[in-house]
Amino acid sequence: MGVRKSRRGFVHRFARVIHKTKRLCGPTGCATPAELAERKPVADSLTDVTELAAELGGPRPPALLDVRWRLTGPPGIESYRTGHLPGARFVDLDRDLAGPPGAGGRHPLPAAGDFQDAMRRAGVRDGWPVVVYDEADSTAAARAWWLLRYFGHDRVRVLDGGYQAWLAAGQPVRGGPGPGPAGAPGTFTARPGQLPLLDAAGAAALARDGVLLDARAAGRYRGEVEPADPVAGHIPGAVSAPTTANVTAAGRFLDPDALRARFAGLGVGAARDPGTPPVGVYCGSGVTAAHEVLALDVAGLPAALYLGSWSEWITDPARPVATGPERG
């Protein structure tokens with residue numbers, strides 16, 4: 001168990017650590033650890049069934065996006081056709097919330113124009129509220145939440161507990177293919193760079209100089225199992241932090257105090273504390289990591305996302321791989 005050594009280090013033209021000032025740099029620019037800690041999370045990232053039902057009956061009903069998806073299937077559209085919230089439009093995670101798989105990982109960042117087109121097809125408008133949901137635990141919904149925030153939509157929330165919470169409350173659902181194209185096309189304009197984003201070298205820098213959380217299951221972190229990628233293990237220096245521990249058995253997020261306590265135990269300090277190290281999160285392909293960024297946001301803790309995640313990390317054989325329970 002241990003680390004497979006790199007021969008070339010963490011050289012990348014878009015990301016580096018300037019050791020004298022400890023500036024962490026990535027595709028969206030550079031910041032010191034203190035500057036990153038000062039970036040405030042967005043309030044009200046979650047909504048609940050009672051609040052959403054009231055808003056749907058009000059003068060400004062939010063656009064509803066159904067983002068049900070699972071790593072091993074079946075396709076989320078099947079669940080959507082069986083039943084969905086009235087007025088919701090299905091958004092396909094693989095097609096609409098990711099670019100083509102390749103060197104950037106299994107679910108790389110979509111091109112701004114492609115994401116803008118997908119959101120407009122779904123009826124998303126600038127300045128108009130959006131609520132995203134999945135089956136229950138918000139794993140897939142958080143990917144849509146993060147992308148909308150990254151591309152500049154600041155009025156997006158996740159339905160806590162998802163479709164199952166809506167059903168349990170006795171709210172109405174609809175079956176079938178759902179609504180057709182929006183009566184008026186969406187007006188959403190993608191403006192990338194509104195949330196901190198890491199690349200491979202930036203993630204390596206945080207593993208050394210900050211806190212890099214691995215949101216995957218513990219067995220994948222240790223390298224004991226790997227259901228999706230050809231190499232098992234974790235980024236050396238990363239901390240195992242399965243995002244499943246951020247929600248209850250019903251898929252609802254723990255309260256902010258409980259989340260803060262959990263993250264404190266993983267080495268994540270309060271953003272207001274002097275000297276707080278910056279935080280980044282990765283997973284297999286940037287889906288469950290977005291869920292952990294959302295959990296951190298609920299706790300009031302800002303974090304950057306390594307969207308390419310493990311599936312991008314392992315495309316360069318010079319990058320080291322650690323196995324076992326230790327950080328490496």
Side-chain angles (χ1 to χ4, degrees), residues 42-70 75-98 110 115-190 250-253 287 290-291 294 297-298:
V42 177
D44 301 324
S45 293
L46 300 179
T47 188
D48 60 22
V49 170
T50 300
E51 183 178 46
L52 177 58
E55 290 178 4
L56 290 174
R60 288 176 61 85
L64 288 178
L65 306 185
D66 184 312
V67 198
R68 280 179 281 183
W69 173 90
R70 292 192 181 280
I77 188 63
E78 296 179 9
S79 297
Y80 175 83
R81 289 169 178 158
T82 299
H84 54 265
L85 274 63
R89 286 178 168 78
F90 180 71
V91 172
D92 187 285
L93 188 148
D94 294 314
R95 180 192 65 210
D96 301 325
L97 304 181
F115 183 72
Q116 176 177 288
D117 290 345
M119 293 301 98
R120 288 186 175 187
R121 287 194 300 271
V124 174
R125 290 178 277 174
D126 285 326
W128 197 268
V130 179
V131 171
V132 296
Y133 71 90
D134 57 25
E135 188 66 22
D137 65 7
S138 302
T139 297
R143 170 78 177 210
W145 168 84
W146 189 90
L147 282 171
L148 280 163
R149 290 282 299 115
Y150 174 80
F151 282 110
H153 200 299
D154 61 1
R155 301 197 62 192
V156 57
R157 291 165 293 158
V158 172
L159 175 59
D160 197 19
Y163 183 72
Q164 290 302 319
W166 185 263
L167 277 183
Q171 295 290 343
V173 298
R174 300 284 184 271
T187 61
F188 173 66
T189 301
R252 302 188 189 190
F253 281 94
V287 177
H291 184 270
L294 175 56
D297 183 272
V298 172

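Because only heavy atoms are used, hydrogens play no part in the values below, and waters and symmetry mates are left out as well, while side chains stay in.
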How about His84 and Tyr133: are their ring centres within less than 6.0 Å of each other?
no

Quick one: does Val158's side chain get under 4.5 Å of Ser45's, heavy atoms only?
no

At what distance, to the nearest 0.5 angstrom, does CG of Asp117 lie from CG of Asp96?
10.0 Å

Quick one: which of Met119, Arg120, His153 gives a side chain to side chain contact (heavy atoms under 4.5 Å, CB included) with Thr189?
Arg120

Charged N to carboxylate O under 4.0 angstrom, Arg157 versus Glu51?
yes

Return yes if some donor-acceptor pair links the side-chain N/O of Trp166 with the main-chain N/O of Pro172 below 3.5 Å, else return no.
yes

Within a radius of less than 6.0 Å around CZ of Arg70, do more than 12 heavy atoms belonging to other residues, nucleotides or ligands occur?
no

Say you draw a straight line from CD of Glu55 to CZ of Arg60; how long is it, rounded to the nearest 0.5 Å?
10.5 Å

Any donor-acceptor N or O pair under 3.5 Å, side chains Asp126, Thr187
no

Sub-4.5 Å side-chain heavy-atom contact between Leu167 and Gln171:
no

Would you say Gln116's side chain and Ala190's backbone share a donor-acceptor pair under 3.5 angstrom?
yes

Check Trp69 against Ala140 and note the closest heavy-atom contact, atom names and distance.
CB-CB, 4.0 Å

Side-chain touch Pro110/Leu97, heavy atoms, less than 4.5 angstrom:
no

Any side-chain heavy-atom pair from Leu46 and Leu294 closer than 4.5 angstrom?
yes

Has the side chain of Asp160 got a donor or acceptor atom that lies under 3.5 Å from a matching backbone atom of Phe253?
yes

Should Asp66 and Val91 count as side-chain neighbours, where that means a heavy-atom distance under 4.5 Å?
no

For the residue pair Leu65 and Ala122, what are the closest heavy atoms and their distance?
CD2-CB, 3.6 Å

With rounding to the nearest 0.5 angstrom, report the CG to CG distance, Leu159 to Leu64.
8.5 Å

Indicate whether the side chain of Thr50 and that of Asp48 have a donor and an acceptor atom separated by less than 3.5 Å.
no

So, do Arg143 and Val67 sit near enough that their side-chain heavy atoms are less than 4.5 Å apart?
no

Do Arg155 side-chain atoms and Gly127 backbone N/O form a donor-acceptor pair below 3.5 Å?
yes

Do Pro61 and Trp128 make a side-chain contact, defined as non-hydrogen atoms from C-beta onward lying under 4.5 Å apart?
yes

Strictly distance-based, threshold 3.5 Å: is any side-chain N or O of Thr82 a donor or acceptor partner for the main-chain N or O of Glu78?
yes

Are Asp134 and Tyr163 linked by a side-chain donor-acceptor pair shorter than 3.5 Å?
no

Backbone of Gly175 reached by a side-chain donor or acceptor of Tyr80 within 3.5 Å:
no

I need the minimum non-hydrogen distance between Ser138 and Gly161, along with the two atoms involved.
OG-N, 4.4 Å

Close side-chain approach of Val287 to Thr139, heavy-atom, < 4.5 Å:
yes

